[in-house]
Amino acid sequence: MYFDNMQAVLSMGGHGVYVWSAYAVTAVVIAAVLIVPTQRRRRLLRDLADVQRRARGDANPAVPEPR
């Protein structure tokens, strides 16, 4: 499929809205699949480190305990 100009690429014969929105949704889902587990892992490791620190009695008194 070849296009003469950028307008033809964007419109894709009247199907451009569907095609480009499908690409956008796919990109958002893939980004979420990559980002969300990474953030959860970091939060879990931070929480585990806090639990270990409290168990050893090394809690930083300047930082309030989470409720």
Side-chain angles (χ1 to χ4, degrees):
M1 179 180 273
Y2 296 102
F3 299 103
D4 295 329
N5 56 32
M6 193 59 155
Q7 180 62 31
V9 171
L10 294 175
S11 69
M12 291 193 174
H15 300 288
V17 172
Y18 169 75
V19 171
W20 294 113
S21 64
Y23 276 120
V25 168
T26 301
V28 167
V29 169
I30 289 173
V33 165
L34 295 173
I35 293 170
V36 169
T38 303
Q39 290 177 337
R40 286 184 181 170
R41 180 179 182 271
R42 286 182 185 162
R43 185 172 37 235
L44 175 64
L45 290 175
R46 187 179 61 235
D47 291 346
L48 288 174
D50 289 344
V51 168
Q52 287 179 339
R53 198 175 311 117
R54 277 183 295 213
R56 288 191 311 251
D58 298 348
N60 185 353
V63 178
E65 294 285 326
R67 296 179 187 190

Taking distance alone, no hydrogens or angles, what donor-acceptor pairs closer than 3.5 Å link side-chain atoms of residues 26-42 to residues at least two apart or in another chain?
unit_1, atom_1, unit_2, atom_2, d
Thr26, OG1, Ala22, O, 2.8
Thr38, OG1, Leu34, O, 3.0

So with a 6.0 Å cut-off around CG of Asn5, is the heavy-atom count from everything else above 12?
yes
With hydrophobic residues grouped by side-chain heavy-atom distances under 4.5 Å, do Val17 and Leu10 end up in a single group?
no
Val9 and Trp20: CA distance, side-chain angles, deciding distance, side-chain contact (heavy atoms from CB on, under 4.5 Å) verdict
CA-CA 10 Å; Val9 171; Trp20 294 113; 4.0 Å; yes
Using the ring-ring contact (aromatic ring centres under 6.0 Å, His included) criterion, which residues pair with Tyr18? Sequence neighbours excluded.
none
